[in-house]
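Below is one structure; the comments refer to it alone.
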Amino acid sequence: MRSTSDHITFDHGHLRSHPSGVGGGDIPCRSTTDDHETFGHVLRLEVGAESMCGPSLVNRYGHSIVSDEPDPAESDELSGSGLAAEKARRLGLLDEMRQQGLNPYPYRFDRTHTLAEVRRTWGELEPGVETDDAVSVAGRIMLKRDSGKLVFATIRDRSGEVQLFISKAVVGDDAFAAAKALDLGDWLGVDGTVMTTRKGELSVKPSELALLSKAIRPMPDKWHGLADVDTRFRQRYADLIVNEEARRNFEIRHETIASFRRTLATHGFIEVETPVLHPEVGGAHARPFTTHHNTLDMDLYLRIAVELYLKRLIVGGMERVYEIARTFRNEGVSTRHNPEFTMMELYQAFGDWNEVMDISEELITTAARDALGTTVIEVRGESVDLAESWPRKRMIDYASEGTGVELHPSMPLLDARRVAADHDVFVEDRWGTGKIIEELFEKTSESSIVRPTFVTGHPVEISPLARVDRNDPYLTERFEIFVDGREIGNGYSELNDPVEQRLRFEEEQAAKEAGDAEAGSLDEDYLRALEYGMPPTGGLGIGIDRLAMLLAGADSIKEVILFPTLRPEAN
RNA sequence: GCCUCUCUAGCUCAAUGGUAGAGCAGUGGACUUUUAAUCCAUUGGUUCUGGGUUCGAGCCCCAGGGGAGGCACCA
């Protein structure tokens, strides 16, 4: 809560009472010493914002804004050039500016062109051309080359990079000195004209430069960037500043999600938001995070899936809904798992698993086209065209081929256990044949699936919310999408028979009581919803993080999550 | 949770158990078409932390911490 009384103290009258500054009347408190002339022309000032010219003004945090203390440049801290000394040096520059009434953190800058727009408009200019075309651009200083009476600086905004051609003869001695004092990492706003150098480098020749924000901390290595993965993930801001790859990965993630929304909109899906705090765990097989609401005095779970809520909406007649849902699972962290991750789940009334498989292909293929400009991606050195129809193959067929034994959930449990033992697959006592078949599939086949593939027909035992296969009572109409050995999606014909659903829940409940920490609980409200009648429905979930990994070619989920879950920093 | 690897200047990296170095960044200087600008000079260290072995430890040993990869679990 800001109040004027404890905010920076200044008054407009004070500003007005000062004679106009030399350089255009907007610099109220110019110092007359040569030292302070350094910044004399570099700043474009906003009225009122920089009027704290009096001695020892203190802001609401108690920091001195302007003081008569000795310049930090003379303090002990600056005797070296470690991080502390470097920060002290730059803070000293700030003090110096403020003593002149200049604000190193002005409130705004009006730009006319992004750097990509500059490049798009003037990119074809011949070498050595000077135009009269005026632009205002802004960006962070990434490189700086100081050459006598010229300074070349490369600035970057979100769209790209452009060089500044700063000429002493154009900007004048004072502004040129100020430009020389700029540091890598500083944000700059520039008014100037477009030109090309003799070698053809597209440049903006500034007539006026404005420091938009002073960097106090030095940038990572301008050439090598930031390589330490720990630092890259903890200080994502630094990673994004210096690593093109990081920026690209999150661009791809964004384009993927944006593409999903467009595709779903064309199919008449409605985006909804359902609770993150769930009183019951359901919709997937996973261990939840638990939390507590104080006023209600109620334990709650962070959602592990949104399935049961979205299907309630299908009962309610919303027909086509989806949610891009942050989801939480209290399980291991790996290159493929983050405790919080994003799933897109959709439900489509009157459809079954066939419609949902079709839309899976469309969503992912379109996302690739939108994010990468191509549907051809590289997977394990293999060129894969997502636009080619994805093969469909039953899980029991994979497992049978993998083991050399004809497997089916109807086979006696003892036989299934023997096959598992032959393949070094650990089996829990409570597992039935269906679960053992899934384990055998994962052991023998999962990692060998490279191109996108629908693995279908999961046993009923491991699919408590999926409808039984219309042709085989032991299997369900379910599929999982595998690419590069990883599951990225899961869908099925939704079970809508409330009586059968209750029986399935009761089996899960029994498993939970038998010690399965990941089993869901019986959700009476969901059953009540089904009792009102849910139309035939197809449902789908796609792991957005994993899809982003696939499209970005990232080998770790942390590369596509801006702030992955990490232990707190040491000390 | 287990196994392996890793941690040195702000960043990227060196350094047989024997005085901790380089490049970048920074500082001072030269340079009006550079572009990882270049050239000259130069500052900067709790070698992750704590013990131990040794005349001597960045290096060897033990314990702890962070991270990565693999396994397990899951998506």
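Just so it is clear: chains get the letters A, B, ... in the order the sequence lines come, proteins before strands, and each one is counted from 1. As the structure is a prediction and not an experimental result, all values here were calculated from the model.
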Does [X] reach a base, just sugar-phosphate, or nothing at all? Heavy atoms under 4.0 Å.
{"X": "A:Thr154", "result": "nothing"}
{"X": "A:Asp230", "result": "sugar-phosphate"}
{"X": "A:Glu487", "result": "sugar-phosphate"}
{"X": "A:Asp545", "result": "nothing"}
{"X": "A:Gly489", "result": "nothing"}
{"X": "A:Ala286", "result": "nothing"}
{"X": "A:Thr231", "result": "nothing"}
{"X": "A:Lys205", "result": "nothing"}
{"X": "A:Gly332", "result": "base"}
{"X": "A:Lys199", "result": "base"}
{"X": "A:Arg198", "result": "base"}
{"X": "A:Arg336", "result": "base"}
{"X": "A:Asn330", "result": "nothing"}
{"X": "A:Ala238", "result": "nothing"}

**Report entry** Donor on one side chain, acceptor on other, A:Ser159 and A:Arg120, under 3.5 Å
**Finding:**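 Per modelled atom types, A:Ser159 and A:Arg120 side chains form no pair under 3.5 Å.
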
Report task. Over all heavy atoms of both residues, which pair between A:Ala552 and A:Val560 is shortest? Give the atoms and the distance, please. Result ->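 Looks like CB-CG1, 4.5 Å.
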
Requested in this report: Using a strict 4.0 Å threshold on nitrogen-to-oxygen distance, state whether A:Lys311 and A:Glu307 make a salt bridge.
Outcome: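 Judged by the 4.0 Å cut-off on N to carboxylate O distance, A:Lys311 and A:Glu307 do form a salt bridge.
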
Requested in this report: Salt-bridge test for A:Glu559 and A:Arg232: reply yes if a basic N is under 4.0 Å from a carboxylate O, no otherwise.
Outcome: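 Salt bridge flag = yes for A:Arg232 with A:Glu559.
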
Requested in this report: Go through B:rU32, B:rG67, B:rU27 for me and flag the one nearest to the A:Arg89 side chain.
Outcome: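 Ranking B:rU32, B:rG67, B:rU27 by closest atom to the A:Arg89 side chain puts B:rU27 first.
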
Report task. Please tell me which of the listed nucleotides, B:rU33, B:rG23, B:rC13, lies nearest to the side chain of A:Leu150? Result ->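 It is B:rU33.
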
Query raised in the report: Where each residue is assigned the nucleotide of RNA chain B containing its nearest heavy atom, which of A:Thr197 and A:Leu143 is assigned the position nearer the 5′ end?
Result: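 Closest to the 5' end, via its nearest nucleotide, is A:Thr197.
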
Report task. Map A:Lys443 and A:Leu184 onto RNA chain B by nearest heavy atom, then report which one ends up closer to the 5' terminus. Result ->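 In this pair, the answer is A:Leu184.
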
Query raised in the report: For B:rC60, which nucleotide in any strand shown is its Watson-Crick or wobble partner with both distances under 3.5 Å?
Result: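 Here B:rC60 is engaged in a pair, and the nucleotide opposite it is B:rG52.
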
Query raised in the report: Is there a donor-acceptor contact under 3.5 Å from the side chain of A:Arg478 to the main chain of A:Asn490?
Result: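 Not confirmed, A:Arg478 side chain does not pair with A:Asn490 backbone.
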
Query raised in the report: Less than 5.5 Å between centroids and less than 30° between ring planes, does A:Phe341 satisfy that with B:rA75?
Result: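 It does: the two rings, one from A:Phe341 and one from B:rA75, meet the stacking criterion.
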
**Report entry** Distance, C1' atom - from B:rA25 to B:rG44, rounded to whole angstrom
**Finding:**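 Straight-line distance between the two C1' atoms is 11 Å.
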
